[in-house]
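Counting starts at 1 for both ligands and their atoms, following the listed order.
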Amino acid sequence: MAESPALLDGGCLCGRLRYRLRGVKSAYWCHCTMCRRASGSAALPWASVARPDFEITAGTPSVYESSPGVRRLFCGSCGSPIAFDMAREEDVDVTLGTLDVPDALIPTHHIWTQSALDMSEGLGATLPRHPAERPDET
Ligand SMILES: [Zn+2]
Ligand SMILES: [Zn+2]
């Protein structure tokens, strides 16, 4: 992965929950069925940081235990998924899409591709790109 910025800030849709990352270890796409449900998306991009390098700077996250020892942190007000914290691992994973500058990190690999959806192939690389809404749907 390209050199990542030392400090990265992010937050939820409504702005009540804010966080800061110090030093990201890796970034990747997860195609597992639980990330799909948690995000409502075909796949979810994550950034991994050491647990002490993930700091909540505003608000208090709501927690859903998706498996024993696995905590999914989200905003209880607007529902944005924020972090994935597995007790037995040293790292916390944070949703790339909630960073203030998501393009600061580029995912380098995919995990759980055995459950990847057909629609995620190439992650849209070959599809038409529209800057905002599809022109024919307005
Ligand atoms: Zn929120
Ligand atoms: Zn996942």
>> Can you tell me how far apart SG (C35) and CD1 (I111) are? Round to the nearest 0.5 Å.
In response: 7.0 Å

>> Is there a side-chain contact between R22 and V49 in this structure, where contact means two heavy atoms from C-beta onward sitting under 4.5 Å apart?
In response: no

>> Parallel, tilted or perpendicular, judged at 30° and 60°: which one describes the rings of H109 and Y28?
In response: parallel

>> Counting only heavy atoms from other residues, nucleotides and ligands, does the tally under 6.0 Å from CZ of R16 exceed 12?
In response: no

>> Can you check the angle at the Zn ion (ligand 1) formed by SG of C78 and SG of C12? Round it to the nearest 10°.
In response: 110°

> Strictly under 2.8 Å, is any N, O or S atom of C30 next to the Zn ion (ligand 2)?
Replying inline: yes

> Taking the Zn ion (ligand 1) as the vertex, what is the angle from SG of C14 to SG of C75, given to 10 degrees?
Replying inline: 110°

